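Working notes, beginning with the structure itself.
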Amino acid sequence: MTTQTTFPAPQDDNQIIAERRAKLAALRKEGVAFPNDFERKNLAADLHSAYGEMSHDELEAAHVGVTVAGRMMLKRVMGKASFATVQDMSGRIQLFISNGDTGEAAHDAFKHYDLGDILGASGVLFKTKTGELSVRVTELRLLTKALRPLPEKFHGLTDQEQKYRQRYVDLITNEDTRNTFVIRSKVIQAIREFFMRHNYLEVETPMMHPIPGGASAKPFITHHNALDMELYLRIAPELYLKRLVVGGFEKVFEINRNFRNEGLSTRHNPEFTMIEFYEAYRDYNYLMDFTEKMFGEVARKVLGTTVVSYQGRELDLGKPFHRLTIVQAIQKYHPQFSDAQLNDRDFLISELQDLKAKYRTSDGVGGLQLSLFEELTEHQLFEPTFIIDYPAEASPLARRSDKRPEITERFELFMVGREIANGFSELNDPEDQEARFDAQVAAKEAGDEEAMFKDGDFIRALEYGLPPTAGEGIGIDRLVMLLTDSPSIRDVILFPHMRPEV
RNA sequence: GGGCUGUUAGCUCAGCUGGUAGAGCAGCGGACUCUUAAUCCGUUGGUCGAGUGUUCGAAUCACUCACAGCCCA
């Protein structure tokens with residue numbers, strides 16, 4: 001098999017592109033077609049906030065000279081004068097170009113500039129008769145010729161596939177898209193600030209693992225040539241972060257990508273971003289309180305409110321989150337099930353079979369309850385809800401409850417019908433951990449592709465002593481979906497995974 | 001993996017029970033010195049996602065495939 005090395009740009013040449021190429025060829029003849037000696041001094045939004053409130057006469061008296069640059073998004077030619085709207089990273093500002101101010105030659109050249117071209121302009125601020133802050137241009141330059149036409153100026157790019165494949169075009173034309181990714185950046189910044197203020201240490205652990213661990217998922221496999229060995233893209237950083245707690249970094253977090261070799265959906269992208277954090281001398285009850293505080297603070301910082309509207313329904317991240325056991329959650333939405341039924345293995349299996357739900361035949365009552373919960377109830381948990389006390393057989397890295405060793409001190413957090421976080425008191429008993437790994441290996445050998453590998457070095461680390469610790473992972477993409485009211489994970493990932501074009 | 005829907009000009013979209021391709025924006029030419037998705041006049045631009053079939057004739061009907069969106073697993 002040969003490796004493909006050339007991926008040519010689509011040759012969808014048409015009349016418009018041909019005409020723009022001819023314009024570019026003319027520019028090359030005149031001199032430097034792609035100049036880089038232009039110095040932009042002002043951003044559109046800064047000018048609006050500084051001068052937008054001034055009256056026409058005040059602005060004339062102030063005589064404010066500015067130099068702006070950006071992509072031309074609108075163009076209106078009226079004979080001897082023209083208006084153009086340019087867009088920079090901060091927003092838009094209107095330019096006024098006329099034979100009188102700019103000179104006839106420059107204005108004539110402008111008439112042949114195209115929407116999408118990058119312009120630089122110097123001039124003086126003024127207000128039009130309708131009160132719009134504008135630049136009366138005295139000097140205008142074409143800085144970058146755009147060869148491809150922009151989408152229609154009113155509707156922008158609406159085709160979902162094109163928005164994902166050509167995100168650069170989506171970002172040029174759609175303010176909503178730009179806003180989504182600005183919010184994403186602010187969410188991550190707010191989370192980082194939260195952890196910094198709580199004296200956490202931000203760390204980076206390996207993305208390529210010799211033994212995949214920390215979650216139940218299928219990994220991507222790659223190959224290291226020099227060492228001639230298989231490596232796995234990480235499915236979770238958990239086991240490395242806990243090694244760091246053993247090492248004495250008692251509060252650590254990592255914000256980074258995980259990779260899982262699974263299908264795609266509106267909730268799943270093969271690479272996605274998680275924060276995982278660990279704190280020594282805490283338990284899962286502390287984590288739930290801590291998580292509530294974090295979500296409320298992030299929402300307030302990013303949106304200015306804890307009340308979030310998602311797909312037409314509201315939820316308040318400022319209120320205490322619900323806390324229910326798996327059985328309580330099932331019964332809350334399906335009161336027809338009695339305690340006795342939900343603790344009857346045969347009943348659970350027949351119920352799951354009726355629902356055509358997936359479950360592990362080897363599971364005990366706890367695992368079957370979890371499967372029933374996932375099938376029936378999970379998608380109904382719209383308001384923030386911690387589901388607590390997960391069965392040990394489904395939680396091989398979590399500490400057992402002292403009172404009921406068949407369950408663990410673990411929760412998952414659901415909102416808008418989706419899992420968004422997973423946390424627990426960490427299993428720090430090396431002998432129990434080894435036994436649980438062995439059970440996972442047995443399940444894997446019995447055909448469970450998602451069962452965990454046994455990581456002997458991790459056991460060795462635990463044998464040095466992991467202090468009592470609590471740890472949690474939060475799906476950043478799903479959190480951003482919630483805060484930006486986005487229906488698909490692809491709307492919050494700049495370049496989502498797609499099948500190859502053509 | 002299964003179901004439904006979609007794919008027509010660079011973009012946004014029409015195109016009826018089958019009769020040989022349309023609009024707006026963008027482009028090109030012209031008019032216009034305060035426009036706001038500027039306006040007005042003229043005009044270029046198409047392998048109708050790919051392929052096969054039915055038919056005198058297919059954007060339209062059927063089948064296969066590709067890609068996408070939504071729902072389900």
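Per chain, numbering begins at 1; letters A, B, ... match sequence-line order. Worth saying up front: this structure is predicted, and the values here are computed from it rather than measured.
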Using nucleotides 69-73 of chain B, report all nitrogen or oxygen pairs with the protein that are shorter than 3.5 Å.
residue	atom	partner	partner atom	Å
B/G69	OP1	A/Arg490	NH1	2.2
B/G69	OP2	A/Arg490	NH1	3.0

Using atom names, set out every protein N or O paired with an N or O of nucleotides 48-51 of chain B below 3.5 Å, distance rounded to 0.1 Å.
none

Pick out the pairs of N or O atoms, protein on one side and nucleotides 44-46 of chain B on the other, that lie under 3.5 Å.
residue	atom	partner	partner atom	Å
B/U44	O2'	A/Gln15	NE2	3.1
B/U44	O2	A/Gln15	OE1	2.4
B/U44	O2	A/Gln15	NE2	2.9
B/G45	O4'	A/Gln15	OE1	3.4

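Candidate nucleotides B/G27, B/C25, B/C34 were compared by shortest atom distance to the side chain of A/Phe83, and B/C34 ranks first. The side chain of A/Thr128 lies closest to B/U36, out of B/C13, B/G27, B/U36.
Distances shown here put a side-chain N or O of A/Lys153 below 4.0 Å from the OP1 or OP2 atom of B/A38. Phosphate proximity of B/C13 to A/Thr158: present, with a side-chain N or O under 4.0 Å from OP1 or OP2. Of the side-chain N and O atoms in A/Arg499, one or more sit less than 4.0 angstrom from OP1 or OP2 of B/A68.
When heavy atoms are screened at a 4.0 angstrom cut-off, A/Lys23 is found touching the sugar-phosphate backbone but no base atom.
RNA chain B is contacted by A/Leu74, A/Arg76, A/Val77, A/Met78, A/Gly79 of residues 49-79 of chain A, taking any non-hydrogen atom closer than 4.0 Å.
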Run the side-chain donor-acceptor check on residues 115-124 of chain A: report pairs under 3.5 Å with partners two or more places apart or on a different chain.
residue	atom	partner	partner atom	Å
A/Asp117	OD1	A/Ala146	N	3.0
A/Asp117	OD2	A/Asp114	N	2.8
A/Asp117	OD2	A/Lys145	NZ	2.8
A/Ser122	OG	A/Thr67	OG1	3.1

Parsed dot-bracket for RNA chain B after applying the Watson-Crick and G-U rules with both distances under 3.5 Å and | for other-strand partners is (((((((..((((.....[..)))).(((((.......))))).....(((((..]....)))))))))))).
